[in-house]
Amino acid sequence: MSGAGCPYDNQYVDYARMDDLHSLQEPRTDSPFEMSFILISQVKELLFRMVYLEVDQARARLREDRPEAACRALGRAVRSQRVLISSWESMNALTVDEFLGFREILGQASGTQSFMYRMLEFALGNRDLTMVRTSDLDAFPQLRAEWERPSLYDEVLRFLARAGLPVPERLTDRDPSAPYTSDLDVEKVWTTVYRAPGEFRTVYDLAEQLLEVAYQFSHWRAAHLLVVERMLGGKRGSGGSDGAAWLRAVNEHRFFPELWTMRSAL
Ligand code: HEM
């Protein structure tokens, strides 16, 4: 192992603690496929964090009234989201019988318990507390802190108001921990922007980047649903849900909802 007192010099390993990283996989069966399952799950977790960090950056830049810098951060988020989606390819190498060879040891472990995924959802603006266990909010203070902070979309709406667009005060002053519901006045604001992209160039570019982030997120959910159908058919999930049926309902959710619905008005 590296670290103080070790005569062996390997700065690559030391810098990013690669030896620690490679000691974090502990398969519980003899199945050679379980190791791949753990590895790809860990890769996805790290990518959730990469996307989260960029969303957090975008939020901070908007607070500083720097929409171009916010757009660049969102562009970086989108690139990591694409990697996240393509990483389902590795998972799909697993056949149903190979998965069933170790599924039992998962017990009640489920992706619903991923606090980094939930941090990302909270940061983007999905504050559905029915998806979170109170024990997770207590166990992961960073998750609770994220839940209490204004989301990226809250900051977008505040930015639009500062830019002179008629976003109602009830939205710019809203309790950030409350779930956000689609709003007709916001839909009208986006419609105004999309009817005159040249006049609202900066806000229009921001809207397009937001839509791309939302699109990639929904794309990830859709790919996950397909993997679940492939592995479980109609069986229940290890977290206790109806499995694919539950995920199909989750797939209906859209981030930044008015950016989707306003298209009917154009
Ligand atoms: C064979 C592979 C997989 C299967 C069969 C599967 C199955 C499921 C099922 C059935 C659910 C619904 C909740 C439940 O009852 O457990 C779920 C949720 C979830 N899974 Fe997976 N999953 C797989 C791989 C992954 C991987 C690799 C990740 C990423 C690390 C992941 C992340 C999630 C997340 C974040 C949720 C919660 C979604 C939400 O709350 O909207 N899953 N999964």
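As the structure lists them, so they are numbered: ligands from 1, and atoms in each ligand from 1. For the single chain, residues carry numbers from 1 onward in sequence order.
Q81 and Y215 share no donor-acceptor pair across their side chains, judged by distance under 3.5 Å alone. For the residue pair E212 and Q216, a side-chain donor N or O sits within less than 3.5 Å of a side-chain acceptor on the partner. At a cut-off of 3.5 Å, with distance as the only test, no side-chain donor of S238 or Q108 sits close to an acceptor on the other residue. Judged purely by distance below 3.5 Å, without hydrogens or angles, the side chains of T95 and E98 pair a donor atom with an acceptor atom. Side chain to side chain, E34 and T29 meet the donor-acceptor criterion of an N or O pair below 3.5 Å.
When the shell of 6.0 Å around CD of E169 is examined, it contains 12 or fewer heavy atoms from other residues, nucleotides or ligands. In this structure, M131 places its CE atom where more than 12 heavy-atom neighbours from other residues, nucleotides or ligands lie under 6.0 Å away. Annotation for R254: atom CZ counts as buried by contact number, over 12 foreign heavy atoms lying within 6.0 Å.
Contact atoms of ligand 1 toward M131: 40 (O), 41 (O) (distance under 4.0 Å to a heavy atom of the residue). Of all the atoms in ligand 1, the ones that sit under 4.0 Å from a non-hydrogen atom of G239 are 14 (C), 15 (O), 16 (O). Applying the 4.0 Å criterion to heavy atoms of M231 picks out, from ligand 1, the atoms 1 (C), 5 (C). The distance from ligand 1 to the heavy atoms of G240 drops below 4.0 Å at these ligand atoms: 15 (O). Atoms of ligand 1 lying under 4.0 Å from any heavy atom of G243, numbered from 1 in the order shown and given with element: 10 (C). Residue-ligand proximity, V250 to ligand 1, at heavy-atom distances under 4.0 Å covers atoms 41 (O). Within ligand 1, counting atoms from 1 as listed, the ones closer than 4.0 Å to a heavy atom of W220 are 32 (C).
Counting protein heavy atoms only, atom 29 (C) of ligand 1 is closest to K44 CD, 3.4 Å. Annotation: atom 38 (C) of ligand 1 to nearest protein heavy atom, Y117 CE2, 3.9 Å. Nearest to atom 2 (C) of ligand 1 among the protein's heavy atoms is F37 CE1, 3.8 Å. Looking from atom 15 (O) of ligand 1 to the surrounding protein, the closest heavy atom is S241 OG, 2.7 Å.
Because its NZ or CZ atom is not both nearer than 6.0 Å to the ring centre of Y153 and within 45° of the ring axis, R59 does not count as a cation-pi partner of that residue.
Contact between M91 and ligand 1 is present, with at least one heavy atom of the residue lying under 4.0 Å from the ligand.
When non-hydrogen atoms are compared, ligand 1 lies under 4.0 Å from the side chain of R118 (C-beta onward) but not from its backbone. With a heavy-atom cut-off of 4.0 Å, S114 does not touch ligand 1 at all. Contacts between W88 and ligand 1 below 4.0 angstrom, taking non-hydrogen atoms only, involve the side chain exclusively.
Remark: E258 CD to F256 CZ distance equals 10.5 Å, nearest 0.5 Å.
By the 4.5 Å heavy-atom criterion applied to side chains, V51 and V55 are counted as neighbours. Looking at heavy atoms from C-beta onward, R221 lies in side-chain contact with H253 at the 4.5 angstrom threshold.
By the 30° and 60° cut-offs, the orientation of the rings of W220 relative to W88 is tilted.
In this view, F102 and F37, F99 satisfy the ring pair (Phe, Tyr, Trp, His ring centres under 6.0 Å) rule, not counting sequence neighbours.
Annotation: protein N, O or S atoms under 2.8 Å of atom 21 (Fe) of ligand 1 (waters excluded) comprise H224 NE2.
An N or O contact shorter than 3.5 Å is missing between E121 and ligand 1 by distance.
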